[in-house]
2 protein chains.
Amino acid sequence: MLAQRIDRLTSSLVRDILAAAQRPEVISFAGGLPADEALFRPSPAAMQSLPDVWQYGQSEGEWVLRELVALRVNALGLACTPQQVLILNGSQQGIDLVAKLMIERDTPVLVEAPAYLAALQAFRLFGAQCLPVPVDPRAGVDPARFEALASQARLTYLTPTFQNPSGYCYGDAERNQVAAVLDRAGAVLFEDDPYRDLSYDGPAPAPIAGRLRQAQWVYQGSFSKTLAPGLRLGYLVAHPALMPHLVRLKQAADLHSNRLSQHLVAQVMADGTLDRHVAAVLPLYRARRDAMDAALRRHLGDLAQWACPAGGLFFWVRLTERRDTMALMREALRHDLALMPGEAFFQGEADASYLRLNFSHASIERIDEGIARLAGLLRAQALAA
Amino acid sequence: MLAQRIDRLTSSLVRDILAAAQRPEVISFAGGLPADEALFRPSPAAMQSLPDVWQYGQSEGEWVLRELVALRVNALGLACTPQQVLILNGSQQGIDLVAKLMIERDTPVLVEAPAYLAALQAFRLFGAQCLPVPVDPRAGVDPARFEALASQARLTYLTPTFQNPSGYCYGDAERNQVAAVLDRAGAVLFEDDPYRDLSYDGPAPAPIAGRLRQAQWVYQGSFSKTLAPGLRLGYLVAHPALMPHLVRLKQAADLHSNRLSQHLVAQVMADGTLDRHVAAVLPLYRARRDAMDAALRRHLGDLAQWACPAGGLFFWVRLTERRDTMALMREALRHDLALMPGEAFFQGEADASYLRLNFSHASIERIDEGIARLAGLLRAQALAA
């Protein structure tokens with residue numbers, strides 16, 4: 001007999017679709033994969049200049065990397081010391097650790113609607129009662145609704161910067177307002193910020209965590225989107241009251257993170273390579289985003305609405321007519337097109353039919369071809385209906 | 001307000017002692033660290049011949065490594081396919097995943113007494129009610145006691161090969177008997193086997209998991225003790241009914257394991273380096289084990305009993321007189337000697353006063369010096385009492 005939580009361990013749609021999208025003939029808008037040509041590949045010299053990383057390391061992470069992360073986070077306007085930095089195997093691990101820290105059966109957790117689906121899955125695994133706050137891709141969250149739910153929640157999970165999937169970025173005033181609400185409500189803020197550096201139209205506003213005066217918080221970032229997912233490295237920074245628990249949870253989870261990757265990342269942060277690499281990647285992603293926006297206008301203008309995202313990796317496309325987007329996804333796969341149905345990103349009912357379309361992985365030519373194919377499918381379905 | 005499980009998140013004694021033992025003047029018998037000179041360090045050529053590992057990988061692990069692990073596990077007498085292999089960030093992660101799979105509040109879990117303390121901590125974190133079965137360092141487990149508790153337990157956690165901390169290795173007949181009991185009881189076996197390759201007096205008997213006919217099982221191993229802990233790699237192999245859940249739990253925990261480390265290990269498994277490396281390390285560890293046995297006889301013969309372990313990394317020393325071993329540990333640290341009090345390895349009361357002494361990390365000279373220092377402390381305490 002397994003633990004009851006296993007009944008709540010839903011099949012991961014992403015996983016299944018990504019497996020299907022592996023075939024090279026498939027045009028994939030499904031994942032959140034960086035472009036292969038944008039991946040950071042350490043030089044042979046870097047691989048050979050690693051320090052002696054083969055013995056057990058610290059659960060918190062390598063000190064040199066914690067110092068560099070603290071500097072970077074401070075520069076964003078979130079004050080922290082290196083002692084508040086915990087190095088993770090990618091930011092997915094931060095979701096697991098914070099869930100362990102905060103969530104048990106029926107713990108109320110405020111989430112955005114839509115929200116990052118792997119966070120929803122992890123929270124549900126630990127028994128969370130998710131309280132969804134609608135995020136309008138153009139107007140953001142409704143302040144009264146947010147305040148009502150934040151006062152009930154023990155944990156508030158937000159991805160305010162180029163949210164996955166909606167692409168929405170909370171403005172400065174909205175961030176201040178959210179921080180003030182959380183200070184009044186006393187719920188812990190969990191701010192997930194993996195897309196901040198992928199900002200195509202100017203820098204994003206400072207993190208919400210840095211605007212709090214009372215509430216406790218965990219802020220996390222990732223090197224998967226800016227350097228390479230295969231490094232499996234992310235970090236969290238936590239309020240001093242939460243940090244000792246998170247370090248112990250990390251130790252119980254896997255003792256410590258991979259030391260090779262930690263020193264490879266520390267090198268590229270220290271010598272400026274990280275920032276140069278991001279600067280070099282942005283034009284590529286910006287061009288692909290613009291290509292998808294143009295392709296959507298060209299092929300789907302009468303069938304859907306969307307806001308062109310200022311950062312991140314996704315278009316969040318609202319279909320004008322209600323569709324079964326799960327069925328559409330399966331039909332698209334039969335036509336060698338992979339996309340993500342919107343309903344996976346909602347806790348409960350969605351208010352309309354959405355698709356999440358990734359623009360970072362496919363080439364510009366394939367983006368246009370894929371969107372045209374999607375339009376063809378929608379039109380054929382409309383005729384058949 | 002944090003989750004209730006955080007109240008059960010005990011301070012890790014290992015962690016605190018290891019931190020204190022970092023000072024170079026400290027002779028440390030406290031950790032379970034491989035000798036620095038025994039660590040496997042990949043060649044520059046190996047580091048440069050990695051495949052393109054920078055994109056997201058599979059949650060299950062890299063296929064080439066899963067195949068190699070399956071071959072190795074099959075050679076131990078445990079039949080499995082590569083599809084049953086899940087690559088982990090070290091075997092501590094397997095403990096976390098199996099705890100998530102099986103343990104909720106008050107789940108009865110059979111554990112050895114003594115048992116690996118980080119497993120006890122993880123099980124308690126998830127709310128387990130641990131049912132301890134005494135392991136006699138010379139005679140093993142009492143069969144009737146084992147059967148009575150196995151029939152109550154939902155999960156049975158065993159480290160039958162050079163157990164940490166007792167050093168005990170279950171014999172062939174005992175393994176068959178345990179397997180038969182588990183088949184009757186229907187409890188899931190979780191067999192943790194990180195020390196198998198560190199066998200100094202001939203090969204260890206085949207895993208218990210391979211002797212089961214009915215019961216479900218998870219078997220796990222590690223590359224931390226044979227290659228290098230900094231690689232953070234281990235693996236589990238699971239009964240087909242459990243594997244899909246474990247893969248999803250791994251995905252929810254951190255998506256996948258580090259791909260650099262996976263390919264470095266696959267290389268050294270494929271070309272025979274792993275086996276050559278282990279063969280080269282064994283004489284070093286055997287000499288240190290023999291040196292500690294001789295030092296114990298020389299300095300502590302009248303103050304303690306122990307069995308010389310046939311494998312693994314530890315002596316499990318029973319003090320002839322009852323002592324407060326926590327106080328002894330603190331006193332030893334003041335004399336630049338680190339050791340592990342036995343009580344951390346018990347769920348509930350220990351039957352006597354024990355110390356766990358690691359013999360792999362300190363040099364032969366320092367082993368003798370450290371044991372002499374320990375004997376001096378014990379004699380001084382006895383005089384003072």
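Letters A, B, ... mirror the listed sequences (proteins, then strands); counts begin at 1.
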If only atom types and distance count, is the side chain of [X] paired as donor or acceptor with the main-chain N or O of [Y] below 3.5 Å?
X: B:Q92; Y: A:A252; answer: yes
X: A:E104; Y: B:Q4; answer: yes
X: A:R41; Y: B:V53; answer: no

| request: Go through the atoms of A:L125 and report whether side chain, backbone, both or neither lie under 4.5 Å from a heavy atom of chain B. | output: side chain
| Relative to chain B, which segment of A:L50 carries a heavy atom at a distance below 4.5 Å: side chain, backbone, both, or neither? | side chain
| task | Name the region of B:A187, side chain, backbone, both or neither, that has any atom closer than 4.5 Å to a heavy atom of chain A. | result | neither
| Which portion of B:H361 sits near chain A, non-hydrogen atoms under 4.5 angstrom | side chain
| Chi angles and distances behind the side chain to side chain contact (heavy atoms under 4.5 Å, CB included) call for A:L260, B:L264 | CA-CA 11 Å; A:L260 287 78; B:L264 287 172; 3.5 Å; yes
Check whether any side-chain heavy atom of [X] sits under 4.5 Å from a side-chain heavy atom of [Y], and report yes or no.
X: A:R232; Y: B:N89; answer: no
X: B:D254; Y: A:L88; answer: no
X: B:I6; Y: A:L249; answer: yes
X: A:P34; Y: B:W54; answer: no

How close do [X] and [Y] get, heavy atom to heavy atom, and via which atoms?
X: A:L2; Y: B:R154; answer: O-NH1, 3.6 Å
X: A:K100; Y: B:R5; answer: O-NH1, 2.5 Å
X: A:R248; Y: B:L9; answer: NH1-O, 3.4 Å

